[in-house]
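A quick write-up on the structure given underneath.
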Amino acid sequence: MKKNAVVQFGLVFLCVLLLTACGQKGISVDSVTRIADEAKIKQSPMFFADKLPSKDQVLLNQEEQQKQYEKFKKNFTNIWKQTKPFKGNLAYFRSYVQVPYEKRGYAENLQRWSEKNYQALARNAQYETFPSMARNGLVVSDTKLRLAPTDKPYFINPKRSGQAYPFDMFQNSTLRVGAAVKVFHVSYDNAWYYVEAASASGWVHREHIAFTTPEIEDIWVKASGYVAVTKDNVLVKNGNFREAVNLGSVFPLISESVQGYVLAVPLQGLYGEAYLEYCSVEKKNAAKMPLFLTADKVAALSEQLMGNVYGWGGMYNDRDCSSTLQDLFTPFGIWLPRNSSQQAKAGQRIMLTDLSEKDKEDRIRSQAVPFQTLLYLPGHIGLYIGQFNGQAVMLHNMWGIRIHETERFVVGKTVITTLYPGKELRGYSSSLMSRVQSLTIVGRENEL
């Protein structure tokens with residue numbers, strides 16, 4: 001055999017041995033095998049919408065829809081009215097650089113953050129002079145929000161599932177291009193800004209923020225309308241400029257034609273100032289807000305998200321469970337908070353904590369509205385879309401399924417499952433249903 005062939009054969013043989021060994025203990029966390037729900041349940045939101053008797057029925061009346069949209073518009077730019085950081089944020093972020101060595105998390109080398117590197121991080125943050133400014137800005141490129149001015153990770157424990165990759169605890173969220181922010185601080189190396197936005201706060205790369213003028217702010221605040229992008233990787237462009245933007249991005253509407261919309265898109269000038277390009281986007285890739293909330297429209301947008309890679313806190317500009325829902329409901333003019341526990345309170349909430357798994361299933365099937373209801377369990381949230389063989393089904397972006405006490409079977413993407421995904425796995429310990437605490441009907445107010 002040729003040398004390369006021998007090497008390839010050896011690698012294949014080694015993989016077979018490893019998979020065989022894993023198989024003796026159960027399915028490996030690193031296995032590429034799909035869970036059973038993925039194979040037996042059609043991974044198409046539209047399939048479930050088509051089963052409804054009235055998939056095009058408007059789920060919010062005109063008054064409810066307008067109320068939600070007014071709330072969205074207020075949240076979209078209200079941060080510019082802030083004159084100081086939100087209460088508690090300074091203490092929260094300081095806590096990340098005042099951790100004694102023995103309690104610190106782990107760096108990219110899977111060793112605890114060293115004293116040298118951690119002190120350098122603290123110095124760069126300049127927390128003792130925070131806040132050092134209060135200036136309005138716009139996000140000019142999708143950007144990650146970090147809890148410290150660094151791209152390096154912070155893992156709680158790289159040996160424990162749920163505390164290792166991808167759960168970088170410095171990763172807080174992602175902001176879309178066009179989002180309004182208040183800039184309160186700058187790092188010592190002048191490479192990072194600390195910003196607060198309507199849904200989250202943290203450190204962002206300086207080149208992703210541009211400072212506004214009153215004239216530009218007026219375009220955002222007093223726009224005659226707003227346009228939401230309805231797909232990922234959509235081009236907004238003119239003769240001089242083009243940029244790819246994602247589902248959930250929102251821009252002021254400048255004008256409309258049969259073919260599409262003209263939007264105000266912010267860029268950063270030579271000295272950090274914002275300027276605008278007026279760019280076009282095709283109507284097939286965007287919508288004037290708010291879209292009427294119907295099952296078929298939510299399903300159509302959801303189709304864009306199926307199979308999307310899981311991204312903890314928006315890592316790598318991917319989505320986690322809550323940002324998936326936040327971006328999904330944006331074109332409908334519905335503002336959802338950034339984290340799952342707050343999203344669970346964003347509508348008419350029905351508690352399920354005192355029920356058995358069977359009673360929870362019955363309550364969900366009888367009271368949840370397909371494509372309008374969020375199902376919440378601590379640390380996770382998904383969208384109820386209907387039933388499969390009498391079981392509640394939800395669309396959610398999930399990292400994995402607990403098997404044994406310390407391992408996860410990695411799913412790592414947006415899927416449609418029952419509330420018992422992975423029950424066929426050896427070592428399966430608890431269902432999602434056992435941990436479901438509530439259902440929330442989006443756009444409705446809690447009944448008194």
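Position 1 is the first residue of the sequence, and the numbers go up from there. The shown structure was predicted, so the numbers you read here are calculated from the model rather than taken from an experiment.
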Restricting to pairs with a member in residues 260-271, which pass side chain to side chain donor-acceptor pair (under 3.5 Å), not counting sequence neighbours?
none
Heavy atoms of other groups near R349 CZ, more than 12 under 6.0 Å:
yes
Check: [X] ring centroid to [Y] ring centroid under 6.0 Å:
| X | Y | answer |
| --- | --- | --- |
| Y226 | F251 | no |
| Y193 | F211 | yes |
| Y154 | Y106 | no |

Return each pair, listed once, that meets ring pair (Phe, Tyr, Trp, His ring centres under 6.0 Å) where at least one residue sits in residues 320-342; pairs must be two or more places apart or across chains.
F72-W335
For Y428 and I401, run side-chain contact (heavy atoms from CB on, under 4.5 Å): C-alpha distance rounded to whole Å, both residues' side-chain angles, the deciding distance at 0.1 Å, then the answer.
CA-CA 8 Å; Y428 176 82; I401 298 158; 4.1 Å; yes
Between atom [atom1] of [X] and atom [atom2] of [Y], what is the distance when rounded to the nearest 0.5 Å?
| X | Y | atom1 | atom2 | result |
| --- | --- | --- | --- | --- |
| M398 | I35 | CE | CD1 | 6.0 Å |
| L377 | S340 | CG | OG | 8.0 Å |
| Q82 | F184 | CD | CZ | 6.0 Å |

Nearest heavy-atom approach of G202 to L145 is N-CD2, 3.5 Å
Grab the two heavy atoms, one from D320 and one from G313, that are nearest each other, plus how far apart they are.
OD2-N, 3.0 Å
Taking atom types as modelled, find out whether T324 and H396 have a side-chain donor-acceptor pair closer than 3.5 angstrom.
no
